[in-house]
Amino acid sequence: MTAREEVLARIRTALGGTASGGTAPASAAPSGTAPVADAVPRGYRTQGELDVTVLLDLLAERLRDYGCTVRPATPGEVMTAVAEAVGQRGARRVVVPPGLDLADLPTGTEIVADDGLSPAALDTVDGVVTGAAVAIAETGTIVLDGSPDQGRRALSLVPDYHVCIVRAEQVVALVPEALARLDPGRPLTWISGPSATSDIELDRVQGVHGPRTLEVILVAPEPRQ
Amino acid sequence: MSTFLGIPTAPRGVGHLRGDEPFPVAARKALANTQLRRNLGKATTTIRAKRAAVVAELPDWEELREAGRAIKAHTMRNLGHYLTELESQVTARGGTVHWARDAIEANRIVTDLVKATGAAEVVKVKSIVTDEIGLNDALAQAGIHAYETDLAELIVQLGRDRPSHILVPAIHRNRAEIRDIFLREMDGVDPGLTDTPAALTEAARLHLRRAFLSARVGISGANFAVAETGTLCVLESEGNGRMCLTLPDTLITVMGIEKVVPAWRDLDVFMQLLPRSSTGERMNPYTSMWTGVTPGDGPQEFHLVLLDNGRTAALADQTGRQALHCIRCSACLNVCPVYERTGGHAYGSVYPGPIGAVLSPQLTGVEDNASLPYASSLCGACYDACPVKIDIPSLLVHLRARHVEEAARAHRVASPESVTMAAASWVMASPSRWAAAQRASRLGRVVGRGGRIRRLPWPLSAWTAARDAPEPPAQTFRQWWRAERGDRS
């Protein structure tokens, strides 16, 4: 018996034949053993009820709570906000994913294109600017999904400084709303503040291996007059 | 090793599920270590307060717990189905799935996979399951160095120590001890290193940076694996996990078979329950989710090792299988009055605390961890804290019964507690015997000091071997009743 067959046989024995113990042949479709139906009570919240202004304020508050800098901007101010952030940081070379257009960036900052940079090469740039896929207000979380404006995962990991542009329509209130929007087939990175550790006496230290500084440009349409 | 329905438990002689000595012996040593008790008391108090605050924020916490419990119970009843579904989804997305009956087989699979890459070192994400199977020892025997990259695991590794907490494995060390370990063991460390957590963290960052940037093989565990989509999920804080999961060419993930969850939307529940219960945060800094291999992003070779190592033996016990619902948050450790005083090492297993007391004996067979189900006062705080509502107190009692039954079947003498319980039930079954015993117990007032009795005469000595007995009152309740109410009843 292969290990696979044996483990599946043990499961069948353990469950006493009263439930589906799995299919032994590798080729058989899992649907061949329909799972025993159990009602999973899902009485938890799946839909947020906050209006967009409150939602964005909550996201900003939760992000700041983690030690992030949050810069509100209108769609027309995004480039200025990025330039300000990068300028204040003093970052000279910034890597940018292929789908993010920062050509108008009005500073002398060098934009490094990601043409498959090695980890060591990424370690020499001063920062990274990306978009985002979804943000969760209640937990202060930004999710990247590797879309062209976010790039591969290493981009937002190795540089020590990350500027992330989040648009109002990407913000949801709750974790279940975010999961409903995300594509599980894409590589996902959930980011809730800068890297941190509490491994020494439960004292929180901000900044370990991931970017030690995270800035969020929160883009909302101008309020209607 | 005992078996349940003929299903083998985790083999002896490999990994870290069994201690060198029974819990009461190990606990006595731990209790004598005042530094350890100070460290633990501070850490558990801090984390309890954080957890309570973020749990109170959610109006639907109880609904989430109930959903978590139900999803896990459903998964266990259909474990084979979801494992084969996970396997076919991971395979369809370019991953390779391996099955391991036990620690020995899993270690061989991982070692062979690393050898095939030609790499002499690997970077590891904090993973209790790889510690359970003793993977680092197996890799070392094959000449492969494993870098533990989580700060606490690094402290444990450099200190040639054992983890003592599920979430914060170096919880038993304070800053001064950690600085000494770093100064002694870390190549090229600044000799002027101070003991502030920030300075110690910076030293770890510098120490590991080169390993991350040049790593060819990463090894991880998994918090969740979604059968429906083939998605693996790792929660962490430092970014060391992202480094290990993203930068190497090859990624090997070892997961216990109980970590599978049926559907993507089940993460609705667990991505809320786990961070708040574990670190006491609204969300942990980083979570990575990946499905097979993504061309041009991250490791281009992905192996998933599905490990049994006693889990199917636990599954066979209809009551005991609840222990497999555990999502390793460690909330039960932080609220446990026993854990808070003894620390994790006394439990002898990589799974300490209340959940360890019910999980380890099932993975190894009860006789190999016979003292653990008694390592509890049955106060129930663990049940209240558990995000998936594992009824740990009932499991403890169940496993005590199993231990007594199995010992009786093997004609061995069971533990002092079981003998005491049997004696107590004989005494309590008869009013006259009970009255006599109560009168006799008042004699304890003579031997008690400070309201505590450290040692009772045989056979009650079995009871006080592991605990003090309170000094009995001067008057029994029955005597008081008669004095107050005369003979009226």
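A note on names: the letters A, B, ... follow the listed sequences, proteins ahead of strands, and every chain is numbered from 1. Quick caveat, the model's predicted, so the values are computed rather than measured.
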Close side-chain approach of A:Val208 to B:Asn240, heavy-atom, < 4.5 Å
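A:Val208 vs B:Asn240: side chains apart.
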Do B:Leu151 and A:Ile200 have side chains that get closer than 4.5 Å, going by heavy atoms?
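B:Leu151 vs A:Ile200: side chains touch.
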Check the pair B:Arg242 / A:Ser156 against side chain to side chain donor-acceptor pair (under 3.5 Å), numbers first and verdict last.
CA-CA 10 Å; B:Arg242 292 177 68 193; A:Ser156 55; 3.2 Å; yes
Does any heavy atom of chain A fall under 4.5 Å from the side chain of [X], the backbone, both, or neither of them?
X: B:Arg210; value: neither
X: B:Ile178; value: side chain
X: B:Arg321; value: side chain
X: B:Arg93; value: side chain

Regarding [X] and [Y], does a basic nitrogen lie under 4.0 Å from an acidic carboxylate oxygen?
X: A:Arg204; Y: B:Glu281; answer: yes
X: B:Glu63; Y: A:Arg45; answer: no
X: B:Glu66; Y: A:Arg42; answer: no
X: B:Arg282; Y: A:Glu138; answer: no

Check step by step if salt bridge (Lys or Arg N to Asp or Glu O under 4.0 Å) holds for A:Asp199 and B:Arg173.
CA-CA 10 Å; A:Asp199 279 351; B:Arg173 296 286 196 189; over 6 Å; no
N/O donor-acceptor pair under 3.5 Å between B:Trp264 side chain and A:Leu179 backbone:
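Confirmed, B:Trp264 side chain pairs with A:Leu179 backbone.
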Residues A:Tyr66, B:Met283; criterion side-chain contact (heavy atoms from CB on, under 4.5 Å); working and verdict
CA-CA 10 Å; A:Tyr66 291 132; B:Met283 192 63 83; 3.7 Å; yes
